[in-house]
Amino acid sequence: MTASKTNPGYFFEDFKVGQTLRHATPRTLTEGDRALYTALYPTRFALPSSDEFARASGLPRSPLEDLIGFHVAFGKTVPDISLNAVANLGYAECRFLKPLYPGDTLTTQTEIIGLKQNSNGKSGVVWVRSAATTADGAKALEWVRWVMVRKNDVDAPAPEPVVPELAKAVKAEDLAIPEGLDFTGYDFDLAGETHRWGDYEIGERIDHVDGSTIEEAEHMLATRLWQNTAKVHFNAQFREDGRRLIYGGHVISLARALSYNGLANAQTIVAINGGAHANPCFAGDTVYAWSEVLDKAETPAPGVGALRLRLVAVKNDATPAPLRGEDGKYAANVLLDLDVWALIPT
Amino acid sequence: MTASKTNPGYFFEDFKVGQTLRHATPRTLTEGDRALYTALYPTRFALPSSDEFARASGLPRSPLEDLIGFHVAFGKTVPDISLNAVANLGYAECRFLKPLYPGDTLTTQTEIIGLKQNSNGKSGVVWVRSAATTADGAKALEWVRWVMVRKNDVDAPAPEPVVPELAKAVKAEDLAIPEGLDFTGYDFDLAGETHRWGDYEIGERIDHVDGSTIEEAEHMLATRLWQNTAKVHFNAQFREDGRRLIYGGHVISLARALSYNGLANAQTIVAINGGAHANPCFAGDTVYAWSEVLDKAETPAPGVGALRLRLVAVKNDATPAPLRGEDGKYAANVLLDLDVWALIPT
Amino acid sequence: MTASKTNPGYFFEDFKVGQTLRHATPRTLTEGDRALYTALYPTRFALPSSDEFARASGLPRSPLEDLIGFHVAFGKTVPDISLNAVANLGYAECRFLKPLYPGDTLTTQTEIIGLKQNSNGKSGVVWVRSAATTADGAKALEWVRWVMVRKNDVDAPAPEPVVPELAKAVKAEDLAIPEGLDFTGYDFDLAGETHRWGDYEIGERIDHVDGSTIEEAEHMLATRLWQNTAKVHFNAQFREDGRRLIYGGHVISLARALSYNGLANAQTIVAINGGAHANPCFAGDTVYAWSEVLDKAETPAPGVGALRLRLVAVKNDATPAPLRGEDGKYAANVLLDLDVWALIPT
């Protein structure tokens, strides 16, 4: 039996700075993705739920949830970038450049922008900038992430280290506001809450109250839907403890959906400034979320403001507690520490 | 940490007779909802399955399963009406006023039509009349339900009791027959059974034979799809026994789908006259169903008759047994006792 | 309680050679089916994923996965043909005659082509040829299968035995190539692998590496989506051991999706020459797959070749091992032994 025709993924020594990879399996988004997203996550944001609400907000119809595009585009990079990854280390400079609608086809490509071999000589950090484009060639989203990748040949020489400088956050003026977006006629009843941009204060913390217990079938349905192939999510025989590790993006979408309760008007994510998957998540875990307002900004769109939010997901214990212990490490029940920009009516 | 921006729901003392609530998150229905419904429930009715069959029946295309509209519209009312509910007490006067198609957007509102504080002073019964409209403002469905809701402030004064008079059943002449519906060219082969309106007798009981065991992932996917947020369905930490209570509507749809076997020609539900969720349902339960013909009526549509059916769901033991014990209470394995009008070829 | 209006299915003595059955519940395929298929199986083939890729291959848009049509059409036959089946014995002469798209409605009918009572007098083998047509009357797929079916009345006389002669494989010249299919401008980057028709050798074996553990919720969602009603898949009370038997087609789709890794360019299945479900599959099983190249053929379509592939699924132990023991029986971990023709760029 030979595995010679199967994809071994890239190892650390296979990456070169400046190299560009076109990823496999372009994917046309559909109404089926929207329905499954709604079934998988407790989302109730009005903009990606109702064509009428979207039209009243200046869009041609209801856009898909922003994270659908992110998960699909991200999933495409896995077989090339992170099949041999030991850890996902971070995200930066992720911008959602236009709303996505059913019928849009995403194609993803990646440029290697940094490399640094670890001192142990067995692995190294790879920085990549990826972008997904629609059929007309327009960029729909872009992001940087960095991962620790194993070497296949430990004797392969270390590359010249290149560590890219990355923005700590996307600047407010660089946020891509969906063309035509206008919240001046916003219907707060239909959106579900009365709080507008001016009602949120920097430093304010919002407990999103609700919790959601994850089943194996749920996270696997989601992760396959994004065509993300990392075997640790699907194969109970892969880990010695027989558990499947839940795709970090599943926790992102779950936390985002839970954040509706208290941030119902934060209708659309336009940037991910950074993020960490602090601890692994497994089936049976009950996920809770809270947010902290990190920054506020005006935008040129009528009636539209931006909130920079820390979105935190914790598991099994929603008691308010510090995010990190005295040693600076994340508390054991913290799953996700994400930093996003979202748009909200002023 | 503050929860002050999150939705606490209405307590008994917050409701006033005559008050109107516009519910959050209008929802555009899609082909994705249809596919998920088919995956979640063993439905095989031809009308909501096939565009061709629907066209041959006088409709422009295949309508969505009636209960999709019901679940979506009902789910919208939960965050306002029943977040602090202790019990769902009943349904009445529910009419399905027109078929729903992918692309239709439902918006739901509710009028408070009755209030009666309980003698313990800690809770009370709230009667509400809700309606869902499509974008053109036309009513798609309406229903009355009553729930027992906790008081937040037990010292709040009791309101003047108002108990609405409700019909025991929707009158046959008030059933809304879908415009254009015509069963004169009905294809019984494609529908799956030969029994027509004239073949059913009042008092006849039909055992639907098949059983379906429910998994946690399934009922949560369904309940989220309807954007129903009641936390008891999703959070394994909410109840002391660690079990999640299954949304009563999940059992309704399951029983309706099982009823295909013996009522394959009862193509569309046009009214729910009443219903009780007799006992709680949990993952692992195996659901069976039987129906009893309660009444029959003619309709003005060509070839279309109406059957009034009691649809009963039981769990784990399908042995024929009385619905209620000698004490008048439902037997412990009865989940659902629903009273509906459905349309069937004459 | 009477079950007299419910469908008892056909017993062996109910079948006559030459008899034709029109099956219930025509089904319109939708984008929802595509999304659910992607969520249920780890498929990454570019043709059924991307409208753009499909257009570049000469098709009007992205066709649905071939097996969606197969499962839907097959499911229709279950209530009539195999409700009282003891065993699925085999498939033959299955051809996929045209790509299916969202909006297509499938109607299925079956002709009884063979009958042979077993020597025990309690059951017999029934051979059927089934076909699914779209609304315009064009055949979309056809297949032969044979099943062992119980007798209801063991005293019913044995029919004259008729055993049809079936082709061991569909001839290459009888494969239906989708109209317009053209792989001359094929983008191997977007497809995910570089191996073309010429790179595969007869006798070559490809280990598809990845494994996928099945949950109860997943196989039941799938099987209901195809409106396949065999109760053994859904009812935990049906078997004494409380386990639900997984629909064999679920294993077929899982194995096909896993085969992407090593056969990413085998974009579309055009025939199933034969197949055996060697052992039962249950929730908790981890499924792996491997393929063997059985034959190769040219086709008249530009840039399009055909591979005849044995697709094998095994459970829980992916160690290379003989398919059959010395007694000629399948090894205990073999689930599926399928023989297909697929199209691939030359």
Side-chain angles (χ1 to χ4, degrees), chain A residues 30-46 49-55 61-62 102 187-195 199-200 204-218 221 257 260-264 284-286 288 290 316-320, chain B residues 1-8 21-37 39-40 72 75-76 79-80 83 102-109 134-136 215-231 233-238 242 244 283:
Chain A
T30 74
E31 286 296 0
D33 295 312
R34 189 199 304 270
L36 268 162
Y37 196 89
T38 309
L40 288 162
Y41 308 109
T43 179
R44 288 177 285 147
F45 295 99
S49 177
S50 165
D51 281 342
E52 306 311 314
F53 193 94
R55 281 183 202 120
R61 58 177 295 203
S62 179
D187 187 326
F188 289 85
D189 276 2
L190 293 186
E193 293 181 354
T194 58
H195 331 302
D199 298 325
Y200 290 90
E204 180 177 358
R205 194 161 153 166
I206 302 139
D207 176 4
H208 300 303
V209 178
D210 306 312
S212 203
T213 308
I214 305 178
E215 299 296 311
E216 296 282 14
E218 293 171 347
L221 287 169
Y260 173 87
N261 200 353
L263 281 165
D285 284 344
T286 300
Y288 301 88
W290 56 267
N316 304 332
D317 184 358
T319 316
Chain B
M1 191 177 292
T2 168
S4 70
K5 281 205 165 64
T6 54
N7 173 27
L21 302 168
R22 294 174 73 225
H23 302 297
T25 314
R27 171 83 147 66
T28 304
L29 305 174
T30 74
E31 286 296 0
D33 295 312
R34 189 199 303 272
L36 268 162
Y37 196 89
L40 287 162
V72 166
K76 299 309 170 200
D80 296 323
L83 210 60
D104 281 338
T105 299
L106 289 183
T107 306
T108 309
Q109 57 178 37
T134 46
D136 57 0
E215 299 295 310
E216 295 282 14
E218 292 171 348
H219 77 84
M220 294 199 294
L221 286 169
T223 310
R224 277 188 298 254
L225 186 61
W226 319 131
Q227 299 178 313
N228 178 330
T229 60
K231 47 179 72 82
H233 305 318
F234 300 107
N235 187 338
Q237 298 192 305
F238 190 72
R244 278 152 278 180

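What you are looking at is a predicted structure, and each value in this text was computed from that prediction instead of being measured. In what follows, chains carry the letters A, B, and so on, assigned in the order in which the sequence lines appear, proteins first and then strands, with residues in each chain numbered from 1.
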Less than 4.5 Å apart, any side-chain heavy atom of [X] and any of [Y]?
| X | Y | result |
| --- | --- | --- |
| A/Phe53 | B/Thr105 | no |
| B/Thr6 | A/Asp207 | no |
| B/Thr25 | A/Leu190 | no |
| A/Thr38 | B/Leu36 | no |
| B/Gln227 | A/Tyr260 | no |

Chain A: which of B/Pro26, B/Ala217, B/Ala135, B/Ala24 shares the most heavy-atom pairs with it under 4.5 Å?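 Highest number of heavy-atom pairs under 4.5 Å: B/Pro26.
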Could you tell me the separation between the [atom1] atom of [X] and the [atom2] atom of [Y], rounded to the nearest 0.5 Å?
| X | Y | atom1 | atom2 | result |
| --- | --- | --- | --- | --- |
| B/Thr229 | A/Arg44 | OG1 | CZ | 4.5 Å |
| A/Tyr37 | B/Leu225 | OH | CG | 14.5 Å |
| A/Glu52 | B/Thr28 | CD | OG1 | 6.0 Å |
| A/Asn261 | B/Asn7 | CG | CG | 6.0 Å |
| A/Asp210 | B/Leu83 | CG | CG | 7.5 Å |
| B/Arg244 | A/Thr286 | CZ | OG1 | 7.0 Å |

Minimum heavy-atom separation for A/Ala39 and B/Arg224, please, with both atom names.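 Taking A/Ala39 first and B/Arg224 second, the nearest heavy atoms are O-NE, 2.6 Å.
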For A/Thr213 against B/Met220, the heavy-atom pair lying closest together: O-CE, 3.5 Å
Options [options], ranked by heavy-atom pairs under 4.5 Å with chain B, top entry:
| options | result |
| --- | --- |
| A/Gly211, A/Gly32, A/Gly192 | A/Gly211 |
| A/Gly262, A/Ser49, A/Ala46 | A/Ser49 |
| A/Asn316, A/Thr194, A/Thr43 | A/Asn316 |
| A/Arg34, A/His195, A/Glu31 | A/His195 |

Part of A/Ser62 lying under 4.5 Å from any heavy atom of chain B: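 Neither; nothing under 4.5 Å.
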Structural part of B/Ala35 lying under 4.5 Å from a heavy atom of chain A: neither
A/Asp199/B/Lys5 salt bridge by N-O under 4.0 Å criterion: no
